[in-house]
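So that we are looking at the same thing, I have put the structure below in structure tokens.
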Amino acid sequence: MKLVINGQEMEFAAGASALDVLEKLPKEVKKEALVARHNGKLISLMEPLPGDGEVEFVAFDDPDGRWTLRHTASHVLAQAVKALRPEAKLAIGPAIDNGFYYDFDVDEPFTPEFLKDVEKEMSRIIKKNSKLERFELPREEALELMKDEPYKVELINDLPEGSVISFYKQEGFTDLCAGPHLPSTGRIKAFKLMSIAGAYWRGNEKNKMLQRIYGTAFTSREDLDAYVQRLEEAKKRDHRKLGRQLDLFDILDEGPGFPFFFPKGMILRNLLEDYWREIHRKAGYEEIKTPMILSRKLWEQSGHWDHYQENMYTTRIDDEDFAIKPMNCPGGILVYKRRMWSYRDLPIRSGELGLVHRHELSGALHGLMRVRCFTQDDAHIFMTPEQIRDEIKGVYNLIDEVYSVFGFKYHVELSTRPENSIGTDEMWEQATDGLQGALDDLGVDYVVNEGDGAFYGPKIDFHLEDSIGRTWQCGTIQLDMNLPERFDLSYIGPDGEKHRPVMIHRVVFGSIERFIGILTEHFAGAFPLWLAPVQAKILTITDRADEAALKLQKALEDTGIRTEIDLRNEKIGFKLREARVMKIPYMLVLGDKEAAEGTAAVSVRGQRDSIGSMTADELIARMKEEVRTRAIF
RNA sequence: GCUGAUGUAGCUCAGUCGGUAGAGCGCAUCCUUGGUAAGGAUGAGGUCACCGGUUCAAAUCCGGUCAUCAGCUCCA
């Protein structure tokens, strides 16, 4: 057969495998190849190539290469667990973003000590460098082979008629698997089991909870160590830890999921809200505030009472049911309905920093990222159908501007019509075209999640990346074809008749609390000057400089610079260390020399040595400029 | 909510076999007035998460509750 490799045509005997091809290629390629692509389709190195075509070798730097290595590692994990606990039933074991896992059904849960034994057994299997073999079976024989593995039987039975049922086998261990895999276990050069967790069979909470073992694997010890190191570093920027260390915020046992903000955290929060108001005013929004507790009747009309009640906190007032708002929209709608609108008034952009409460499951809580009360930087836009595309573009640009100010990486997802949706095909088409058209006009890259929209409309989600690569949904633009109907919203068109406005919900930060959590991790607590709760700290060397220090503090504070002063009888090294631990951007040292000159010796965060002496005026000018430009270092 | 682990001073953590509690940081007082990442001494500070059980005796063993952590499910 004729194969094209790197643009070069070569001749091979029929039935040759990618391994045979590798024999003819440079040693480095052979060493690094984990899997091959034959005409774009992945195939294990040891399997016979199906015929003529282009062959490409895939190494660890390619996601498919990583996936193959880690998938084989998960088979080794399963083999090791079976060797130590033969009664364990196998579920599934895929590769994932940063590693792999395997789910087992066992009577006794796994322990950390057991993981050590599993790692030893895995090392033994890898050392033996057993070959993996692929084979296929007809359904009946496949079921017979897997008759003692009920989860595998279920998987085989769920395969559509006519599917290829393939297995991979190494050293007497056989697993149902589509592949591809490494040619031998010895190709796993470095691995580590990370953790044990429970996980529902097929991800459904109605099913049995299985025991999952997470692990990761690399092609070298160094890469594995670097990965483990990165995780350690990320732990240091955990916002829960930094929130406490920097005295910003915390969640106490007395209020699970209900965060406390301390004075410095409030400064940060208020600055974010000030910034939010500034950009929204410029973008043509008006601000409102709606009540936190509203009548059951309103929630019945909005549909929340029927569909969201288990997440709502309710109360009784004068023998009537009320609910603490889990969303701001019904209140926002009442504000819209307070009077009649003309098409000339639209679009109406109505923003609200709205505190909502939702009863989240206890196990879902996570610092500021997942809480039971949070402030949405919400806005509802009411408009004519023709205005959809331009409004979406406006919101997109606003969100993009905000994320750029903080230097965030993000990606965009578009979710379309789900199964159980309301509204007509025409309505959905118009709505989806509006969102998609706006994204296309802007030339944005986005992922489409077919059928992942809400029952009442399509949406665009913005996902921000945190310090360890986790993504969090923050901004969303959500089209709503439900509430305008339920609340019978209208505006008067040029024809003098009533028309139904289109409504969108949108948030930029998502929740102020979550955004602060992400910001804290993103900057590792070293906030840019414009956001830093304490912008400058004045440190004296001896008490002879106290008077000059207090004078400098007044000069800075008079121009609005947030300042702390340390007049304690401590050595300058000690005072500086404390200021650095608190990640304060400007440290101003005053001794006899500076007191006499009327200057301060300036040190900035992140630089080891002083950047020189400045007068108060010079310093103020420098800091003001840095704040004005919202500079990030 | 589910699975597993954890809960000791404000923080980070020791605490052996069941015999009644420790360190460092922080805090207070005193000494030290010094030049870019921790000067020294003394002292205060604990219902060992909470409730119950076993025991002559429980931080320690057992049960329950609450909270936290890692995941699953769900979600801004």
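Lettering of chains follows the sequences in order, A, B, ..., and the numbering in each one begins at 1.
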ask   = Partners of A/A438 by side-chain contact (heavy atoms from CB on, under 4.5 Å), sequence neighbours excluded?
value = A/R389, A/I392, A/K393
key: side-chain N/O A/S362 vs B/rG1 OP1/OP2, d < 4.0 Å   =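 Affirmative; the distance criterion is met.
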task = Could you say whether A/G367 or A/V371 is positioned toward the 5' end of RNA chain B, judged by the nucleotide with the nearest heavy atom to each?
result = A/G367
message = Using the salt bridge (Lys or Arg N to Asp or Glu O under 4.0 Å) criterion, which residues pair with A/R417? Sequence neighbours excluded.
response = A/D425
key: Residue-level proximity of residues 406-418 of chain A to RNA chain B when a heavy atom falls under 4.0 Å   = none
query = Taking CG from A/D543 and C1' from B/rU33, how many angstroms apart are they, rounded to a whole number?
reply =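 Spelled out: CG on A/D543 to C1' on B/rU33 is 6 Å.
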Bracket string, RNA chain B, 5' to 3' - pairs by Watson-Crick or G-U geometry under 3.5 Å, | interstrand = (((((((..((((.....[..)))).(((((.......))))).....(((((..]....))))))))))))....
task = With sequence neighbours left out, write down each residue that passes salt bridge (Lys or Arg N to Asp or Glu O under 4.0 Å) with A/D461, or none if nothing qualifies.
result = A/K459
Detail all sub-3.5 Å separations between protein N/O atoms and N/O atoms belonging to nucleotides 3-8 of chain B.
residue : atom : partner : partner atom : Å
B/rU3   : O2'  : A/Q211  : NE2          : 2.7
B/rU3   : O2   : A/G198  : N            : 3.3

query = Could you state the interatomic distance from CG (A/L556) to CD (A/Q535), rounded to the nearest 0.5 Å?
reply =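 Reported value, rounded in 0.5 Å steps: 9.5 Å.
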request  = Output all residues satisfying salt bridge (Lys or Arg N to Asp or Glu O under 4.0 Å) with A/K208, sequence neighbours left out; order by chain, then residue number.
outcome  = A/D105
key: Separation of atom CD in A/E570 from atom C1' in B/rA37, rounded to whole Å   = 14 Å
inquiry  = Counting the atoms with a prime plus P, OP1 and OP2 as sugar-phosphate, which does A/G591 contact under 4.0 Å by heavy atoms, base, sugar-phosphate, or nothing?
reply    =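 Base: the residue A/G591, judged by heavy atoms under 4.0 Å, touches a nucleobase.
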ring-ring contact (aromatic ring centres under 6.0 Å, His included) against A/F100, all qualifying residues, sequence neighbours excluded = none
request  = Quick one: list whatever passes side chain to side chain donor-acceptor pair (under 3.5 Å) with A/K236, sequence neighbours left out.
outcome  =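 Expected list: A/E233.
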query = What pairs meet the salt bridge (charged side-chain N to carboxylate O under 4.0 Å, His left out) rule with one or both residues in residues 396-415 of chain A, with sequence neighbours excluded?
reply = A/K409-A/E465
request  = Sort and list the pairs that fulfil side chain to side chain donor-acceptor pair (under 3.5 Å) and have at least one residue in residues 589-605 of chain A, not counting sequence neighbours.
outcome  = A/R544-A/D592, A/E597-A/T599
Distance, rounded to the nearest Å, where A/I251 contributes CD1 and B/rC11 contributes P =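 Computing the A/I251:CD1 to B/rC11:P distance gives 15 Å.
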request  = Can you sort out the partners of A/E450 under salt bridge (Lys or Arg N to Asp or Glu O under 4.0 Å), two or more places apart, ordered by chain and number?
outcome  =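 Salt bridge (Lys or Arg N to Asp or Glu O under 4.0 Å) list for A/E450, sorted by chain: empty.
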Nucleotide B/rG26, atom P - distance to CG of A/D247 in whole Å =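 Whole-Å distance recorded here is 16 Å.
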